[in-house]
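Following: one structure in structure tokens, then a few remarks.
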Amino acid sequence: MNKIIALLRDIPIPRMIKVQQHFIAPEIGDTASAVRKAMKEAGVLPRVSQGDRVAIAVGSRGIADIAIIVREVVRAVKSAGAHPFIVPAMGSHGGATAEGQAEVLEQLGVTEQSVGAPVHSSMDVVEVGRLPKGLPVYTDKFAYEADKIIVINRIKPYTAFSGPIESGLMKMITIGLGKHKGADAAHAYGFKYMAEHVPEMARIVLSKLPVIFGVAVIENAYDRPARIAAVPAERLEDIEPGLLLEAKSLMPRLLFDPIDVLIVDEIGKDISGSGMDPNITGRFHTPYVKSTAPAISRIAVLGLTAKTRGNALGIGSADVITRKLFDEMDWEKGYMNAFTSTVLTPVKVPMVLPTEKLTIQAAIKTCNVPDFHQVRIVRIKNTLELKEIRISENLLPEALASKAIEVLTGPVMMHFSDVP
């Protein structure tokens with residue numbers, strides 16, 4: 001390692017400038033009232049009858065105000081004289097264990113105390129049908145035994161395939177409620193057929209189970225609720241594609257292109273199902289996605305989020321990582337996700353360097369710029385938080401020329417969290 005340190009220590013790291021990226025970002029002022037309004041306008045609450053046991057499916061994504069959204073749905077169900085309970089609907093996440101999935105919900109703030117309904121977590125499933133190809137379709141046993149089912153999820157572009165329906169209510173019905181066995185079945189033919197299989201499998205579930213409606217959340221570029229819609233079950237397949245297009249139009253992005261080195265302070269399953277969102281980085285692990293991301297030569301990742309609990313799925317998108325990150329990795333969690341998706345590149349380990357500074361210097365050394373003093377660097381906290389980012393000093397003219405970028409500070413030396 002001494003030779004590597006000697007090779008990298010004189011690689012210059014430019015001074016950085018904090019800027020703010022501005023996007024069109026409609027935002028709901030009162031999330032609780034927006035949920036109530038959405039259910040009232042859709043006319044879905046009369047579908048809940050007095051005495052019903054109602055399973056409310058909640059996933060593992062870090063949706064803004066998710067505890068408030070779930071709480072309002074619980075209150076609405078209770079107002080109808082029914083008995084709601086929460087079911088984790090997250091496929092193989094949470095280490096593919098009942099305890100792990102309940103723990104994920106707790107980390108997201110969804111507990112019996114916060115939402116007013118118990119959490120019933122199990123990996124037991126019931127087969128409810130099969131596709132013509134023979135693939136089985138599964139549903140969580142608690143949900144299967146309920147009188148009614150409500151699904152809550154964010155509508156968002158998926159990270160491994162493109163289609164009219166991607167990440168949202170239909171996918172949660174198919175893969176989320178299917179638990180580990182359902183996720184395995186949905187991924188069995190790979191992502192090439194996922195855009196076809198998700199709606200096909202969801203149709204089977206909808207025809208066999210008492211799913212009455214879904215609550216769809218669209219977030220703006222700053223990870224805040226922009227729209228909440230209640231969608232009757234029989235209209236999910238018709239309405240969700242339009243919601244997806246709206247979600248795509250509000251997605252944040254990096255406004256600099258090309259980028260020689262992208263520094264990501266943290267990745268995690270709470271940030272993206274892929275650790276860091278490929279829609280932002282352009283580092284997709286399958287060829288079935290259309291990318292509009294900037295060209296990025298090297299990605300350096302410095303750490304994991306606390307909420308990911310060591311799950312470093314997506315680390316394969318990086319070119320260089322820190323030793324600290326490597327030591328925090330829970331291999332089993334990432335491998336379980338990779339086995340389920342059948343895509344192994346997200347868990348491949350990139351080059352590991354002992355410090356943040358050396359990690360960044362390694363990325364600069366290998367990004368193929370003729371003059372290291374002119375390297376184009378962008379540093380972000382994670383792929384969810386793109387409002388305030390840092391750019392290398394040489395990008396200042398581009399920032400000043402853009403109406404969508406506001407310069408917040410002058411140039412300062414880069415900060416490293418592992419340096420006292």
Side-chain angles (χ1 to χ4, degrees), residues 16-27 61-64 154-163 166-168 217-227 242-268 270-302 305 314 317-319 363 367 375-392 394-408:
M16 304 295 285
I17 296 168
K18 184 190 290 187
V19 301
Q20 186 172 109
Q21 299 192 123
H22 294 284
F23 305 102
I24 297 173
E27 182 175 344
R61 302 295 184 233
I63 301 171
R154 176 174 56 203
I155 308 294
K156 190 175 182 180
Y158 195 55
T159 57
F161 70 91
S162 296
E166 296 180 23
S167 184
V217 182
I218 294 175
E219 293 182 342
N220 64 25
Y222 305 122
D223 194 31
R224 294 297 304 161
R227 181 181 173 192
L243 295 176
L244 176 61
L245 291 176
E246 184 176 345
K248 287 183 176 182
S249 73
L250 296 177
M251 282 280 290
R253 62 190 187 280
L254 295 170
L255 298 178
F256 297 88
D257 188 6
I259 297 170
D260 295 320
V261 176
L262 175 65
I263 303 168
V264 184
D265 287 346
E266 60 181 12
I267 68 169
D270 54 312
I271 301 299
S272 166
S274 298
M276 51 181 165
D277 192 341
N279 291 293
I280 304 301
T281 66
R283 296 285 181 94
F284 293 95
H285 295 285
T286 75
Y288 311 114
V289 188
K290 298 175 182 178
S291 176
T292 58
I296 300 173
S297 296
R298 290 288 180 263
I299 297 179
V301 178
L302 308 184
T305 65
S317 296
D319 298 297
C367 73
V375 64
R376 298 168 60 88
I377 297 181
V378 172
R379 183 170 180 173
I380 62 176
K381 181 179 180 182
N382 55 56
T383 55
L384 269 183
E385 301 178 54
L386 298 180
K387 182 177 182 179
E388 289 187 1
I389 65 174
R390 287 172 169 77
I391 61 172
S392 52
N394 62 328
L395 293 177
L396 180 59
E398 292 176 41
L400 292 172
S402 173
K403 294 181 180 180
I405 299 171
E406 178 183 355
V407 177
L408 300 179

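Worth knowing before you read on, the calculation uses all heavy atoms, side chains too, and leaves out hydrogens, waters and symmetry mates.
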- Could you tell me whether the side chain of Arg283 and the main chain of Ser317 form a donor-acceptor pair under 3.5 Å? yes
- Gap between atom CD1 of Ile17 and atom CG of Leu400 - 0.5 Å precision: 8.0 Å
- Task: Would you indicate whether the side-chain heavy atoms of Leu384 and Ser272 approach each other to under 4.5 Å?
- Result: no
- Query: Mind checking what makes salt bridge (charged side-chain N to carboxylate O under 4.0 Å, His left out) contact with Glu406, not counting sequence neighbours?
  - Reply: none
- Query: From Thr281 OG1 over to Ile299 CD1, what is the distance, rounded to the nearest 0.5 angstrom?
  - Reply: 4.5 Å
- Message: Quick one, Thr292 and Met251 - any side-chain contact, counting heavy atoms below 4.5 Å?
- Response: no
- Item | Side chain to side chain, Val378 and Ile391, heavy atoms closer than 4.5 Å | yes
- Task: Can you measure from CZ (Arg390) to CG (Leu408) and round to the nearest 0.5 angstrom?
- Result: 9.0 Å
- For Phe256 and Pro294, work out which heavy atoms get closest and say how close. O-CB, 3.4 Å
- Message: Looking at Lys248, I'd like to know if its NZ atom is crowded, meaning that more than 12 non-hydrogen atoms belonging to other residues, nucleotides or ligands lie closer than 6.0 Å.
- Response: yes
- Value for CZ (Arg227) from CD1 (Ile155), rounded to nearest 0.5 Å, stands at 10.0 Å
- Message: Using only atom types and a distance under 3.5 Å, with no angle test, would you say the side chain of Asn279 pairs donor to acceptor with the backbone of Gly282?
- Response: no
- Message: Once rounded to the nearest 0.5 Å, what's the spacing between atom CD1 of Ile389 and atom CD1 of Ile380?
- Response: 8.0 Å
- Within a strict 4.5 Å, meaning less than it, do heavy atoms of the Tyr222 and His22 side chains meet? yes
- If you measure from NZ on Lys156 to CG on Asp277, what distance do you get to the nearest 0.5 Å? 4.5 Å
- Query: Do the side chains of Thr159 and Val289 get nearer than 4.5 Å, heavy atoms only?
  - Reply: no
- Message: Measuring only between side-chain heavy atoms, which start at C-beta, is Pro26 closer than 4.5 Å to Leu250?
- Response: yes
- Before giving the answer on salt bridge (Lys or Arg N to Asp or Glu O under 4.0 Å), spell out for Glu219 and Arg154 the whole-Å C-alpha distance, their side-chain angles and the decisive distance to 0.1 Å. CA-CA 8 Å; Glu219 293 182 342; Arg154 176 174 56 203; 3.0 Å; yes
- Query: Is Arg253 close to Gln21 at the side-chain level, that is, under 4.5 Å between some pair of heavy atoms?
  - Reply: no
Review item, side-chain donor-acceptor pairs of residues 259-267, under 3.5 Å, at least two apart:
from, atom 1, to, atom 2, distance (Å)
Asp260, OD2, Arg376, N, 2.7
Asp265, OD1, Arg379, NE, 2.8
Asp265, OD1, Arg379, NH2, 3.1
Glu266, OE2, Asn382, ND2, 2.8

- Query: Does Ser249 reach the main-chain N or O of Glu246 with its side chain, forming a donor-acceptor pair under 3.5 Å?
  - Reply: yes
